[in-house]
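Reading through the C-alpha cells given below for one structure.
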Amino acid sequence: MTSPAGRADLASFTDYAAAVTAAVSAAGAYYGDGSTPLGDDDYDALVRAIEAWEQQHPDEVHPDSPTGKVAGGAAVGDVPHSVPMLSLENVFSDEELTHWAAGLERRLGRPVDGWCVEPKLDGLAVAARYQQGRLVQMLTRGDGLAGEDITHAADAVLGLPARLAEPLDVELRGEVLLTGDQFEAANEIRTAHGATPFAHPRSGAAGTLRAKDRPYRVELTFFAYGAVGFGDLGHSALLEALAALGANTAASTDAAPLRCASVEQVRQRIEEITAMRGSLPFGIDGVVVKADSAQDQQQAGSGSRAPRWAVARKLAAQHQVTRLLDVEWNVGRTGIIAPRAVLEPVVIDGVTVTYATLHNPADITRRDLMIGDLCFVLRAGDVIPRVEAPLADQRTGAEKPIVFPEVCPRCGDSIDASEQRWRCVRGRGCQAVASILYAAGRDQLDIEGLGRTRAVQLVDAGLVADMADLFTLDKARLLTLERMGEVSADNLLAAIETARGAALNRVFCALGVRGTGRTMSRRISAHFGSMAAIRAADAETLAAVDGIGTEKARMVVAELTELAPVLDKLIAAGVGTTVTEPAAAPAAVGEGEETGPLASKGVVVTGAMTGPLATLSRNEMNELIERAGGKASGSVSKRTALLVAGEKAGSKRAKAEELGIQILTPEEFADLVADYLP
Ligand code: IVH
C-alpha cells in the first residue's frame, strides 16, 4: 500500500503534510460512513507519527492536524450535544496503562477508589434522548460537539428501548454496532436487494444508521455505557441503573464490566476480555478502563478531547486492508470445490496472513470481489482468516474479474453448482484416492502398507471405490496389481483384517464426515454404540451428542445419507463392531464419562511424548485422556486443569505457567493414567 501509514518517523514537512492529509481523510471516512482505507492500527500509527513530528516542530503544526481534536477533526452533523461527546485516550501496552493509572492517582493525590473494566465496542457512539421515558431523538457523535439526527433508525436498534421502565428525562450514551450475526444478515438482505455488501461491521452500522428509506430492514444492537442527567452514580452503579431502565449493557455479555480493586486486577481482566475476543458475538477494538467512583471522576475531570478518568487499552486490529492477488480453487476430500484467496502478505495481530477463505462462489459474487482489489481481511482469534469485502472506491480500473472454474479442477469432470458450495459431480469419487488414504491413516484405520501408490492402483483397477471396498479385497484380486507380490498382498490383507476390528470411533472417523473430526467421532460413537445406530440417527438424536448443535446435526445427517451405501457395506463386512477401546481398560468407559483419574478435567498435550507414551500419536493421547475420564483439548485456557508437557513444549507451556495450571511430564502423566494405557 502506498500510504504513509506504518512509517515510524516523518522525515520532512512534506511527509508530515501528506500524513495529515491522509489522517484527515481517513478520519472523515471513519466518522462519516464508517469506511476507511486505513486499518485502525495504521491510523493510530499515523497519528502517533504526526504527534511525534509536531513535538519536534511545534511551530509548524498544520491547522488541519487531527491531533488533539475530537473525531480526528472530522465534522459531521448539526444538532448540538447537551454535553460534549468525548473520545478516549489510548494506551497500547501494559506499561502505558500502568503509567496512565499512576498519573491519574498523582493528580487525585490518592489511590483510585476502584476501576471498572469493560469491552471497547467497535461501533458508533450515539446519544439517545428520552423525555418522560420516551425515546425522542437519537444523534451520532459527529465531531463531539454536534451530531447528526438519526432518530429514523432508532426502531431497528435492539437494546435501545422506545420506552424506559421509568418516565425519566435522560440521555443515554452508548455504542451501536452490528453483531456478527447481524452483519451476515445485513449483507444477505442487501445483496438480495442488489446492493453491495458492507465491507465491515462498523461501516455497516454507520451506513445503516444514516440511511433513510431503505426497502429492507437491518437490525443493529445498542450497548449503553453512559448517561447525561442521571445523578452522581459511579460507573458500575450507573450501568446497573441503565440496565434496570431496560437498556442493553455489556453486562449481558461474557465480557461484562467488572469492578477491579487494583491495576493488577485490571490487567488480568483486560487479558481475560482479550482472550474472549474471538468468541464474542461482536467486534471489540480494545478494553476500556474507568475510574469507577463518581467522586474520582468528578475530581479528575475532562480535557477537551477525553475524560481523564478513563482510558482505552487498544488491542491489535483484527481487520487489516490488503490486496487480493489471486484466487485458488481447491477440491476437498468430499469433492467440495473451495475458493481460497491469495493475499499480499499482511500482519494481523502478530500473524502474517497470506491466504484467506472466500467461502463459496456465491459469496465472491455477493461481495463483488475482483483480483487486485484492496479488501478487508478478518482474522479473529485462531480462526481461519477470511476476506470480508473489497474497498470498491479504491479501484484503479486495473482489477480483473475472478474466473470461476468451469470443470472440476482436480478431475476435469463437471461441477454441480446447484448448492452454494460447488462440488465435483463425482463427489467423494473425485477424491477416492484421497479419501482412501485418509481412511487408512494412522489415526483412523491405521492400515500399514496402504500408501498413495497402492491407493491409486486400487482405484484405477476398479477394485476399490470407497473405504468399505477395502474389506472385500482378496488375494487373487490383489495379485493382479503390478508390483504386488505374495508377501505384500498377505501383509496388506492382514493389516486390513486388523482394521476390521478397529474401534467404532476410528471407523466412523475414517469416513471423513464433514463437521466431525476425531473428538466428535469419539463422542458420536460412544453415544450410539454401533454403526447401524449411527446410520439410523436423525438430526434430533444427533443433536443430543455433546457439542453438536442443530445446524451441525443437520449437516451430519445429510452426510450420512450420502454415505449410506458405504455404511451398509461396512456393516455387512462387520467393520466397526468394537465399541470401546481397548477392551482391557478397567473402567472401559465411553466418552463423556466423568469418572477415572482425570474425572472431567480439561487436559492438553504439548511437545514430544517420552517414556511409556513415546509411541502414542496425538489422537491416541486424546483417546487415553478421554478413557481416563478427562476432556482432551488442543489449546490451553482457563478451563484447562492439566498440561502434559513433553520435550520442546513451547508457548502452551508458557501459557499454562502463566495461568498456574498443573504441568506433568509424560512419565508422570503415564503413572497417573497407568490403568488406562493401551
Ligand atoms: S466511554 C466520556 N466506554 O470508543 C466517555 N466508550 O475511542 C467516553 N466506546 O467515543 C466514552 N466502547 O464510541 C466508552 N465501553 C465504552 C466504549 C466506548 C466503545 C467508543 C466510544 C468512544 C470511543 C473512543
Side-chain angles (χ1 to χ4, degrees), residues 27 30-31 34 36 40-41 43-44 47 66 68-72 74 76-77 81-92 100 104 115-128 138-145 147 150 159 171-179 201-202 205-206 209 220-228 230 233-236 238-239 242-243 247-253 255-259 266 269-270 273 277 280 282-292 294 296-298 300-315 317:
Y30 182 104
Y31 290 99
T36 164
D40 288 2
D41 284 354
Y43 179 77
D44 288 337
V47 172
K69 289 189 187 151
V70 172
V76 265
H81 285 301
S82 51
V83 174
M85 287 187 81
L86 299 181
S87 185
L88 289 168
E89 290 300 338
N90 293 324
V91 292
F92 296 88
W100 173 83
L104 176 57
W115 304 94
C116 186
V117 185
E118 63 193 32
K120 184 170 188 302
L121 305 146
D122 194 6
L124 285 101
V126 300
M138 179 163 72
L139 303 174
T140 64
R141 181 170 66 170
D143 66 357
L145 299 173
I150 48 164
E171 182 173 314
L172 303 194
R173 289 187 171 181
E175 203 80 351
V176 170
L177 50 73
L178 287 172
T179 64
R202 191 182 50 226
L209 283 176
L220 305 124
T221 303
F222 174 72
F223 287 90
Y225 53 63
V228 180
F230 207 76
L233 291 178
H235 187 65
S236 26
L238 173 67
L239 291 182
L242 296 178
N248 184 40
T249 70
S252 65
T253 74
L258 192 75
R259 215 184 119 91
V266 167
R269 183 61 182 163
I270 290 175
I273 294 181
R277 189 182 191 191
L280 290 172
F282 45 78
I284 65 171
D285 59 342
V287 180
V288 185
V289 179
K290 296 173 177 171
D292 197 41
D296 285 352
Q297 291 184 4
Q298 277 154 14
S302 296
S304 63
R305 197 184 90 93
R308 292 190 197 92
W309 44 267
V311 77
R313 166 73 166 88
K314 290 283 274 190
L315 300 179

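As the structure lists them, so they are numbered: ligands from 1, and atoms in each ligand from 1.
Of the polar atoms of L124, none of the N or O atoms is found under 3.5 Å from an N or O of ligand 1, judged by distance alone.
Taking a cut-off of under 4.0 Å to the non-hydrogen atoms of A125, the atoms of ligand 1 that pass are 13 (O). Near E118, the atoms of ligand 1 lying under 4.0 angstrom from a non-hydrogen atom of the residue are 3 (N), 15 (N), 16 (C). Counting the atoms of ligand 1 from 1 in the order shown, those under 4.0 Å from a heavy atom of P119 are 12 (N), 15 (N). Taking a cut-off of under 4.0 Å to the non-hydrogen atoms of L86, the atoms of ligand 1 that pass are 8 (C), 10 (O).
Taking 4.0 Å as the cut-off, P307 counts as a neighbour of ligand 1 on heavy-atom distance. Residue-ligand proximity: G226 is placed with every non-hydrogen atom at 4.0 Å or more from ligand 1.
The two residues S82 and V228 have their closest heavy-atom pair at OG-CG1, 4.1 Å. Nearest heavy atom pair, residue E89 against residue V311, reads O-CG2, 3.4 Å. Summarising the geometry of W309 relative to G301, their closest heavy-atom pair is CD1-O, 3.5 Å, with the distance given to 0.1 Å. Shortest non-hydrogen contact noted between H235 and C116 is CD2-SG, 3.7 Å.
Atom OG1 of T249 is separated from atom CD of E118 by 9.0 Å, given to the nearest 0.5 angstrom.
In this structure R269 satisfies the side-chain hydrogen bond (donor to acceptor under 3.5 Å, both in side chains) test together with E272, sequence neighbours excluded. With sequence neighbours left out, the ring-ring contact (aromatic ring centres under 6.0 Å, His included) criterion links Y225 to no other residue.
With a 4.0 Å heavy-atom cut-off, ligand 1 is reached by the side chain of R141 but not by its N, CA, C or O. At a heavy-atom cutoff of 4.0 Å, ligand 1 is contacted by the side chain of V288 but not by its backbone. If you look at E175 next to ligand 1, the close heavy atoms, those under 4.0 Å, all belong to the side chain.
Which of Q297, K290, M85 comes nearest to atom 1 (S) of ligand 1 through a heavy atom is settled by distance: it is K290.
One N or O on the side chain of D292 and one on the backbone of S236 form a donor-acceptor pair closer than 3.5 Å.
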